[in-house]
Every structure is written in structure tokens, then in C-alpha cells.
Number of protein chains: 2
Amino acid sequence: MTNPAPDNTRDRLLMQAELLFAQKGFAAVSVREITAAADSNLAAINYHFGNKMNLYLSVFKERWVPRAYGVRKFFKGTLSEKSNPDTSDMVRAFATAFLEGAMTEDERRCHINLMLRELTHPTEAVNIVVSEVIRPMHHDIRELIRPSLPETVNLEQLTLSIFSIISMILYFEFARPVVSLVMNQEFDLQFKSRVIDHIVSFTMDGINGINGIKDIRGLTKEETV
Amino acid sequence: MTNPAPDNTRDRLLMQAELLFAQKGFAAVSVREITAAADSNLAAINYHFGNKMNLYLSVFKERWVPRAYGVRKFFKGTLSEKSNPDTSDMVRAFATAFLEGAMTEDERRCHINLMLRELTHPTEAVNIVVSEVIRPMHHDIRELIRPSLPETVNLEQLTLSIFSIISMILYFEFARPVVSLVMNQEFDLQFKSRVIDHIVSFTMDGINGINGIKDIRGLTKEETV
DNA sequence: TTGACATTCAAACGATCGTTTAATACAAAC
DNA sequence: GTTTGTATTAAACGATCGTTTGAATGTCAA
């Protein structure tokens, strides 16, 4: 998209600010660092956005939210290609939209880091994140999955499951270095694809599904103890 | 434990520094803020720890790691009470050690926030976190669960499953405000207990287990579509 | 009482922070 | 050509940052 430096100062500031805020967090980035990266004058942030905090909020309004819409659109687009998507198709489409499609690698790191910072460390921007993206996304997925579950399904448990799917997606993105360290495994495209497979099978069948073997549950314990 | 203010300056600094670093992050906390909270002189940090970064590392070495050992001990203790623990007992013991036992609420928030900051934003301390805690904990759980799975189990998939369990535990702690917002549900003790139940059943059976109904898998889809 | 050592203290250091100011450049409108 | 308004610039503002200093404590051993 707007990968090459935009020709106007305001957009260049937004772009570089997003990169730096995602990398280091609000407090650890100085306006001098941002304006230098954006090849603009030190006073440019205060001229275009009033102050540093307002620039941070504008990053969410003008860059983060639109990209989140893109992820949602990609998710729905993938699903609409399938004729009769089941639950595992939905989970796969959701994980893929976040971890593979819809964004470049840099955008993804940006996007998820910014989101995580607001989750762990909420500022004013958390209201934007929740009301514009997280809540609608939950609604989407819940209403997609619900028909394929028993009518007696506990709505709270379903919502917690959606949070669990999101937790895995976020974790395997932001904790990449640690996952790589512990598993002694480079986080390349092949591995990422296996991670998505894992998220889908773990979501569908839990730890009993990790071997691709179904209906073995209940047997294993007595056999091996 | 050391909840009331320790009588020596060094420990008071460590305690207040941990609280503040967990709340705001390294860059957002000033040494003046820490020394004021610890009722000590501005120069105390540099006298006792050399500099601010070394204080941060000492927090991990002298407070975070010991508490992590406590969590691990609690986990093993809970398991040893059971005569023949199965996989779900292990997952429950693990989630409980993190989310209910072994720590006060304040300590838990501290502990998980500090860990998360190192996962998202590694400093020197990430080496301590991984080598002293995350890797040994993975080893513990993997070797506990492995015997109750088929011999043909894929070790990579098992490790990814353990990461997934950890991701849920972390998420339901650090994203509490967002979970509460989206579900319109106060994060009280009853709810937390249901969250632990969810983590266990989701880990055991995935989304098909969320209703507490087992062995319905494979039926639901055809019936409702 | 004296000396040695560990700790605390007020004060100041230079550096960097976010923000403001006033002058300047440049375009389109009249 | 003058005016008007927007955008950019260099320079400086006061505040706060992490760190250092040297004097003032308190505490034991000799």
C-alpha cells in the first residue's frame, strides 16, 4: 500500500510513528526520533497533530483501524470462496487472515504489537480497538460458528473459545522469538503454516487432536499407564 | 510474603521497582518515581544497583525467578496430591498455579505483566526468563503429558500445544479489561474459576468440548446444517 | 575516642524530553 | 503585485531524565 514514503509530511509522520510506537511503545519513542525518521522538522508533530499523544491516537484511527477492516474483509472473502464452510474452515480463515494474508510481514508485526500494547497497557486508544474491531470481530465469528454447534451451547463458553483462538494467534505472532528459542526452530513460512495447522486442530479437538488421530480419546490413558 | 515494606532500602527498591516496571514498562518509569515509592533517596538506585537497567535485571533475578519457581512448585505439589493424574488434571493444575494459587492478585499481575513485556519487547532479561523458567516448564509438562499420548505423537505438535495452553493462561490474565468489556462480565472469582474450566475443556477437546458434551463430535455438523 | 566502612542525603551535572515561538518559504486568490 | 493562508524551519523554552558528587550520617572494631 503506502509502503514507499508518502509525499506529504502528515502521512510520513503517521507511518513512521506507527512503526516506532509498535517497536518500542509510546514512552520509549521521542518526537525527535519520529520526525527524523519521517524526514521532517521537529515541530511537525505539534503542527499537524497538536501533541505526541494525539499523534498516537491518530495512528490508531487512520492506520490501525483501516488495516483491521482489511483483515476482516480478507477473512470474509476467504470464507465466501468456500461453498459450505464448516467450523474448521472458519478458524483456518481467521488464523490465515491474521498470520498469512491481508498484510505484509512488517504490517503484521506493527498491527499486532500495537494491539497488544493496548491490551496490556490501555490508553485512550483501547476504546477504539475494542469498539471498532474486537467486538465486531467477536460478533462475526460467534454468529458464524453458532449454527454448527448444538442449540444448547453455552454462549459464554463459545465467547471464551473465541478469545482462546485469538490468544493463540496473538501469541504465536508476538512471542515468535521465544517460540523459536524454545523449539530451536526458525520461524519461516513452512513453520508458520504448520503453526496455523496446529491452531486449527487444537481449536477443533484440543490436545487429543494434535496427532491427527481422532476418536482415540479415552483409550490412550488406560493403555499407557 | 514480603508484602509489608521491607526494612532495608535495597529490598524496598526491588519491590517498588517491580510494581512500577510491571505497570508502566521500563522506559515509562523514572528513577525518581521508584525511589519516592520506596521512601528512599534519589541516589539509592545508583548506589545499590549501579544504574536503572541493572535494577531492572535484578528485579528479574531476585524477584521474578524465585516466584516462578514458586509457581512451578505449586504446580508439582498439586499434581502429587492426585494419585493418578491424567492430562486434564495436569492442565488444570498448571492453569490453577498461574491464575489462582501460588500468588496474590497483585503478585500475579506483576509477574505476568513483566513476563509479557519481555516476550513482546525483549531486553537482556529475556534470557533469564527463557532459560530459567519457560524452557524448564515446557520440559516438565511435555514429559508429564507425553506418556498419556500415543507413542507416534508428533513432538513438535505437543510443544505447540503447550504453547497454546500458555497463550490462553497469559491472555486471560493480561487482557482482563478487554475480556470484561466484550463479555460485559466482571472478572470476579466465580468467573475466573469458569475461565479455568474453559481452558481445561478447550485444551482437552477444543471447541467441541465447550458444552461439556463429549463424544458428540462429528454428529453436530451434519445435524444442524 | 578514634578510625574504617557502609549507607543516606541534598545538590548539581549534562543530556534529552515535549512543546512553543517567530521568522521564513511557497502557493493560490484577488 | 499584493494579500492570504498553509507549511516548514531554526532556535529556544522550561521540565524532567539518569547519573555523579561530596558531605553528612550511622555503626561497629580497635
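No hydrogens, no waters, no symmetry mates; every other heavy atom, side chains included, goes into these values. Letters go in sequence order (proteins before strands), and every chain restarts at 1.
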*asked:* For the CE atom of B:Met168 and the CD1 atom of A:Ile165, what is their distance to the nearest 0.5 Å?
replied: 10.5 Å
*Specify the separation, in whole Å, of atom CZ of B:Phe21 and atom C1' of D:dG18.*
12 Å
_Out of D:dT19, D:dT20, C:dT8, whichever nucleotide has its closest atom nearest the side chain of B:Tyr47_ = C:dT8
*A:Ile34 has an atom CD1; how far is it from atom P of C:dT16, in whole Å?*
17 Å
_Can you measure A:Leu13 atom CG to D:dA7 atom P for me and round it to whole angstrom units?_
12 Å
*Under-4.0 Å side-chain N/O to phosphate OP1/OP2 contact, B:Thr9 with C:dT7*: no
_Using whole Å, what does the distance between atom P of nucleotide C:dT21 and atom CG of A:Asn51 come to?_
14 Å
*Between A:His48 and D:dT6, does any side-chain N or O lie under 4.0 Å from OP1 or OP2?*
no
*Which part of the nucleic acid does A:Ala44 contact within heavy-atom distance under 4.0 Å: base, sugar-phosphate only, or nothing?*
nothing
*Hey, does B:Leu42 reach any base, or is it just sugar-phosphate, or nothing, if we go heavy atoms under 4.0 Å?*
base
*asked:* Using whole Å, what does the distance between atom P of nucleotide C:dC17 and atom CD1 of A:Ile45 come to?
replied: 12 Å
*Taking CZ from B:Arg32 and P from C:dA12, how many angstroms apart are they, rounded to a whole number?*
13 Å
*Pick from B:Arg67, B:His111, B:Glu107: which one makes a side-chain contact (heavy atoms from CB on, under 4.5 Å) with B:Glu18?*
B:Arg67
*Salt bridge or not for A:Glu100 and A:Lys192, using N-O below 4.0 Å?*
no
*Looking at A:Ser30, does any N or O in its side chain come under 4.0 Å of the phosphate oxygens OP1/OP2 on C:dC17?*
yes
*Going by the angle between their ring planes, with limits at 30° and 60°, are A:Tyr56 and A:Phe21 parallel, tilted or perpendicular?*
perpendicular
*With respect to the side chain of A:Asn41, which nucleotide from D:dA10, C:dT19, C:dA10 is positioned closest?*
D:dA10
*So, is B:Asn46 close to the D:dT19 phosphate, meaning a side-chain N or O under 4.0 Å from OP1 or OP2?*
yes
*Is the shortest side-chain N to carboxylate O distance from B:Asp106 to B:Arg109 below 4.0 Å?*
yes
*Separation of A:Phe26 atom CZ from C:dC17 atom P, in whole Å?*
13 Å
*Could you give the CZ-to-P distance, from A:Phe49 to C:dT19, as a whole number of Å?*
13 Å
